[in-house]
There are 2 protein chains.
Amino acid sequence: MNVKEYTNQLQNFGYRLTTPRTEILKVLSTTKPLSTKEVFAFLKKNGSQVDIVTTYRTLELFEKLGFIRKIQLEDKTSRYELIGASHHHHLVCMKCKNIEDVQVEEGLLLNQIKKQSRFRVEKHALEFFGICGNCQRL
Amino acid sequence: MNVKEYTNQLQNFGYRLTTPRTEILKVLSTTKPLSTKEVFAFLKKNGSQVDIVTTYRTLELFEKLGFIRKIQLEDKTSRYELIGASHHHHLVCMKCKNIEDVQVEEGLLLNQIKKQSRFRVEKHALEFFGICGNCQRL
DNA sequence: TTATTATTGCAATTAAGTTGCAAATTGTCA
DNA sequence: TGACAATTTGCAACTTAATTGCAATAATAA
């Protein structure tokens with residue numbers, strides 16, 4: 001999905017297409033998972049006037065609409081990323097803070113859970129922390 | 001490890017054995033993962049005079065010493081649990097907020113990562129969200 | 001183009017966690 | 001046992017992330 005498709009979706013759902021919303025979608029579509037602060041910083045750097053409160057509210061809306069996914073890493077700040085075609089997880093470098101995407105087959109895990117509990121899994125969080133290839137060489 | 005063993009460890013490391021530390025260990029050893037606020041509430045309920053700042057600092061210390069593990073669930077508050085014998089993950093009920101432990105074999109995941117990246121995984125977070133057996137019946 | 005209503009921006013507030021420092025408590029040694 | 005030195009605690013003040021109320025602004029429908 002590109003920015004245009006998301007803005008169409010937005011209007012289909014009856015929400016208005018505003019400058020802040022378009023700008024925030026643009027930021028999200030060009031980067032890795034970002035915190036609200038980081039999205040806001042990006043906006044500013046590109047000359048946008050959007051307020052940080054609007055950034056909070058817009059990200060909340062986009063999450064509700066299923067455009068983006070909220071992820072919790074090690075700190076208290078939430079991060080958001082566009083929900084692309086493929087389900088993936090993250091390799092978070094504890095040194096340089098860079099985030100790599102990674103694909104893992106988790107069907108097995110869900111089977112194991114089914115054997116142990118009546119719990120019905122709706123979603124999961126899976127993040128890996130460590131040292132990326134680059135930082136290992138330093 | 002029981003409370004006594006932890007307090008011994010504490011002294012072996014050169015830290016003092018104080019009332020707040022003992023009380024907090026007791027709370028941790030009798031429950032599921034708790035936030036700082038929750039630990040503090042437990043203390044109060046049991047007549048303890050311990051301050052919430054001390055609770056924050058003590059949990060931080062215990063984490064540093066490897067007594068407890070910090071976990072991030074869906075919100076911004078950190079939760080802590082005693083590091084028991086077995087490595088496990090959680091089934092977090094989105095309805096009643098109860099937390100079940102679950103055992104999954106994750107060796108496979110780590111192999112899959114090795115094939116995709118030079119990243120060296122040091123630790124990981126894996127949490128499942130859904131509806132527990134009880135709440136499904138309601 | 002105007003009117004209606006959603007959306008935004010500002011200021012103030014809440015909530016989680018942190019910091020500085022004086023007072024209290026612990027462990028050690030005489 | 002008592003006193004000293006150093007750690008630990010509790011209070012108050014502060015920081016940071018996020019939320020809320022409300023008046024001003026902007027987007028869509030007619």
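By convention in this document, chain letters (A, B, ...) are assigned in the order of the sequence lines, proteins followed by strands, and residues within each chain are numbered from 1.
Following rounding to the nearest Å, Arg21(A) (CZ) and dA6(C) (P) show an atom-to-atom distance of 11 Å. Rounded to an integer number of Å, the gap from CG of Leu59(B) to P of dA16(C) is 14 Å. The distance from atom CZ of Arg79(B) to atom P of dA16(C) is 10 Å, rounded to the nearest whole Å. We find that CG of Asp75(B) is positioned 14 Å from P of dA15(C), with the value rounded to whole Å. Spacing between atom CG of Leu10(A) and atom P of dA6(C) amounts to 14 Å, rounded to whole angstrom units. Rounded to whole Å, the distance from CZ on Phe13(A) to P on dT7(C) is 14 Å. Whole-Å rounding puts the Leu43(A) CG to dT8(C) C1' distance at 14 Å. Note: CG (Asp51(B)) to P (dG17(C)) measures 15 Å, nearest angstrom.
Considering only the side chain of Thr36(B), dG17(C) comes nearest among dT9(D), dG17(C), dT8(C).
Using bins of under 30°, 30° to 60° and over 60° for the plane-to-plane angle, the ring pair Phe128(B)/His124(A) lands in the tilted bin.
A salt bridge is absent between Arg79(A) and Glu127(A); no separation between the charged side-chain nitrogens and carboxylate oxygens falls under 4.0 Å.
You'll find the side chain of Met94(A) reaches within 4.5 Å of the side chain of Lys123(B), heavy atoms only. In this structure the side chain of Thr31(B) reaches within 4.5 angstrom of the side chain of Phe42(B), judged on heavy atoms. Side-chain contact between Tyr6(B) and Leu82(B): present, with at least one pair of heavy atoms (C-beta onward) separated by less than 4.5 Å. By the 4.5 Å heavy-atom criterion applied to side chains, Thr55(B) and Ile24(B) are counted as neighbours.
Near DNA chain D, meaning a heavy atom under 4.0 Å from it, residues 22-31 of chain B has no residue at all.
Here the rule is side-chain contact (heavy atoms from CB on, under 4.5 Å) with Glu23(B), and of Leu43(B), Thr54(B), Thr58(B), Thr18(B) only Leu43(B) fits it.
Judged purely by distance below 3.5 Å, without hydrogens or angles, the side chains of Asp75(A) and Thr77(A) pair a donor atom with an acceptor atom.
No donor-acceptor pair closer than 3.5 Å links the side chain of His88(A) to the backbone N or O of Asp101(A).
When each of Leu61(A) and Ser78(B) is assigned the nucleotide of DNA chain C bearing its nearest heavy atom, the one mapping closer to the 5' terminus is Leu61(A).
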Walk along nucleotides 18-30 of chain C from 5' to 3' and tag each nucleotide B, S or - by protein heavy-atom contact under 4.0 Å, base first, then sugar-phosphate.
BBB----BBS---
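Contact between the side-chain N/O atoms of Thr77(B) and the OP1/OP2 oxygens of dA16(C) is not found at any separation under 4.0 Å.
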